[in-house]
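No experiment lies behind these values; they were computed from the predicted model shown.
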Amino acid sequence: RARRRTAPRTARALGPLLAGAATCGALLALDPLLAPGPWTTTAALAVTSLAVLLALLRTWWPDGRSADVAWPSVIGAATGAVALLVGYGRSSSPTDPGAGAVGQVRALLVIALQQIDEGTPPLVAGREVTMLVTASALVVLLLVDLAVALEVPLLGGVALLALWVPAVVLGETSSPWALVWAGLPWLALLTDAPSQLAHGRLPTSLAWTAGVLVVGLALAPAVATAPGWGTVPLPRFGSGSGQVTLSDDLDLRRDLQGRSGESILTYALTNPDGTASALSPAQLGPLRSFTLTDFDGRTWSRADSGTRDPVTPDSLLMPVGNDSVGGTPVQVSVTVGALADRYLPLTLAPRTLQINGSWQFDPVRDLVTGPEPTRAGTRYTMTAQVPTLSAANLSGQGNAGLDDPSTLALPGSGHREDVAVLAAKVVAGRTTGYDKAVALQTYLRTGGGFTYDEQVPPATSDDAVWDFLQDRRGYCVQFATTMVVMARSLGLPARLAVGFLPGSERDGTVSVTGRQAHAWTEIWFDRAGWVRFEPTPAVQTGAPPSWTVQQVTATPSASPKENLPTATARPTAGSSAPATLPGAATPQRTESGWLVGGGAAGVVLLTLVAWWAVRRSGTGRRTGPEEAWAAARTALARTGLGWTDATTPRQAVSAVEQTGQLDEATVGALRALATALERFRYAASGEPAASDQLDDWVRQVRTGVDRARTRGRGAAADGRG
């Protein structure tokens, strides 16, 4: 059984450091997916710290066997896990101080995965996503370092490529600098540059690496501009057909199916005169495709109002009940992508519409339909008047001016009264329709302990809304429907709206994907008309509408399982934020917590490792046969006694002996080193020679070399005399 060669200490230290540099460079591949923020500093600092620890471990730890090679990786993984538990495992809510570090980290992981699944690039990386990115980077570093230590650095490149997978799957383009800064250290590892540097030679491999980089950078622009390069078909990731259609038959018992990541439309915001608009996509709000009013306790169905007006370029599409065209004007220029639907996504504000084809407008349901579904390339332009809504304005309006019984109809079920009683408890003390609507939104969004979940629990009654209030798990359709039913039980006209969240903006263009399909609640106000509320947690919707944010001293929260209102709720893995009172102080956390804890854990571990190494070696120095042979070879090279890597140890000793330059004692020490090296490399069993003995042989060789050089200088001087 052949043994692995022991690399010089310098090479063993350089390997993890280069692996850390490559991992930090590969993190740049996440730039198009995550908005700029502290995640970069946190992940890079964590990777650098672990790389330094691995370098120290591999310098001190013998690596002659595969098991010895694995131990630094095991210790590094344990240290990284401890750092993450210390930094992220503390409870973020005073109401749940004893959940346990592992439970807290698991909950943060679930939230991070939900935010990534429901969000759109570039995602704002909060504490949860930062933890996930940091942990992923540490895992990649450990895999690259282990591959280098096992002398298979090619597999380390596969680990680095894992950080490109999210961008590839989502169709985003990573910065070429990610490939440069990750590729250079990896190429250095691939060409054994650390070992070359450790032997004091200018590594030819680094010259090849630099040459490959220069050629690649020189040829890349020319290749990119070559005819046909941009038309090469590539494999598609995602939904297959790329067709997205919104269902107008919504079943609260049905799990949410996988939604397409395809871009269903893009739009640009400008002023009517063509200049850039100051409005953001969030201020514009969602694009609504249709509204629903008929609910039977489980399923929504579309009811035609019977009103249809042809759409003309100069006609103002004014929803019923909205008498004002005041507000901020904005022009929305839309290009359809993967959307194939007869309903046209519209702004919530009154608008004019310019589109080719025969389209009709229903002012009661505020929707535009066409004879054929939209297809990729369809273009239309809306000029909207975005009103300025505020809590002060809405709180002074009534809710009784709408003549549409369907917006107050409640489904008949065995728990109809239970839902009404719960709604009354939630809004206890509120007198205006606006205050009641905000209380319902707050209860469902943050105050009631609800969790965003795409899987619907099994039914336990004939009332899907009551089951949701019991299970407290669901997606936007459950949240919005429940608010509609609770609002109607309080006498507030309400309906369900279906469309798309505003999307994400980049370089002046806003992109909306199929994952941003959404349902929300709209409540009637006598002067403002239909007003949007967002009961779904922020994990899906982001911040609540600005007009629903108000400063209050208390938010009654009622549970269908308890008769007493609750002011706070235990945080759940899928909730968007810890359940606290609006306006109350929220515990502030910074990313320094995990850094301090992780740094402390690293210092303690390094101290223990250093203590163990010193105790084991006695002097703190450990020399293996490979290192001893390399040191002797370097000493002999100073006298011109060298050999190639193809020369065996026995051949090298024989060649040195034949020169006659070294005395018998020096040749004997060199022969003993060669024998120890052969046993170490090729013996089936047995321990290598002791470090002290190897050091003695190396000292004998160096002493003999110095004597030979002295004799050579003396002989040269006699010849000149």
Side-chain angles (χ1 to χ4, degrees), residues 92-93 95-96 104 106-120 123-129 132 252 255-256 259 282 285-286 422 426 437-457 465 467-487 496-502 504 515-522 532-550 555 557-560 566-584 586:
S92 59
S93 172
T95 63
D96 187 22
Q104 290 291 334
R106 185 185 299 114
L108 292 177
L109 177 61
V110 172
I111 295 174
L113 293 175
Q114 290 179 342
Q115 290 177 345
I116 292 172
D117 182 60
E118 303 301 333
T120 56
L123 182 70
V124 177
R127 183 166 172 259
E128 301 86 358
V129 174
L132 179 59
L252 270 67
D255 292 339
L256 184 61
R259 290 172 292 176
L422 175 60
V426 171
V438 171
L440 292 175
Q441 173 181 277
T442 302
Y443 170 65
L444 292 168
R445 188 180 177 90
T446 58
F450 291 86
T451 301
Y452 186 90
D453 193 339
E454 296 179 359
Q455 305 301 311
V456 179
V465 169
D467 287 347
F468 169 71
L469 290 169
Q470 293 287 313
D471 299 318
R472 304 191 184 192
R473 305 183 72 85
Y475 52 95
C476 58
V477 173
Q478 280 79 12
F479 282 94
T481 300
T482 300
M483 184 171 178
V484 169
V485 173
M486 295 177 80
L496 188 77
V498 179
F500 298 93
L501 291 168
S504 56
R515 291 194 180 97
Q516 291 171 303
H518 184 52
W520 62 90
T521 302
E522 293 184 349
R532 174 175 64 99
F533 288 82
E534 283 288 5
T536 305
V539 66
Q540 166 69 2
T541 62
S546 60
W547 53 86
T548 67
V549 178
Q550 57 178 355
T555 301
S557 176
S559 168
T566 58
T568 60
R570 174 175 175 145
T572 57
S575 60
S576 58
T580 57
L581 296 177
T586 302

Taking the side chain as every heavy atom from C-beta outward, state whether Met483 and Arg445 have any atom pair closer than 4.5 Å.
no

All heavy atoms of Thr521 vs all of Pro535, minimum pair found to be OG1-CG, 3.8 Å

Val129 meets the side-chain contact (heavy atoms from CB on, under 4.5 Å) criterion, sequence neighbours left out, with Leu34, Ala112, Gln115, Ile116, Leu123, Ala125, Val133

*Whether Trp547 side chain and Arg532 backbone form a donor-acceptor pair below 3.5 Å*: yes

Rounded to the nearest 0.5 angstrom, the CZ-OG1 distance for Phe479 and Thr541 is 9.5 Å

- Do we see a donor-acceptor contact under 3.5 Å between the side chains of Thr548 and Gln441? yes

Rounded to the nearest 0.5 Å, the CG atom of Leu444 sits from the CG atom of Leu469 at a distance of 7.0 Å

Smallest heavy-atom separation, Leu496 atom then Ala480 atom, equals CD1-CB, 3.4 Å

Sorted by chain and residue number, the side-chain contact (heavy atoms from CB on, under 4.5 Å) partners of Pro502 (sequence neighbours excluded) come out as Tyr267, Pro281

Output for pair (Leu422 CG, Met486 CE), nearest 0.5 Å, gives 4.0 Å

One should read off an interatomic distance between Leu501 CG and Gln516 CD, to the nearest 0.5 angstrom, of 6.0 Å

Tightest non-hydrogen contact, residues Pro286 and Trp520, listed as CB-CH2, 3.6 Å

Given Val456 and Leu252, is the side-chain contact (heavy atoms from CB on, under 4.5 Å) satisfied, shown in steps? CA-CA 8 Å; Val456 179; Leu252 270 67; over 6 Å; no

Looking only at heavy atoms, the pair that brings Val485 and Val465 closest together is CG2-CG2, 4.0 Å

Rounded to the nearest 0.5 Å, the CD atom of Gln478 sits from the CZ atom of Phe450 at a distance of 11.5 Å

Do Tyr475 and Thr536 touch side chain to side chain, with heavy atoms closer than 4.5 Å? no

What one should report as the nearest heavy-atom pair of Arg473 and Phe468 is O-CD1, 3.3 Å

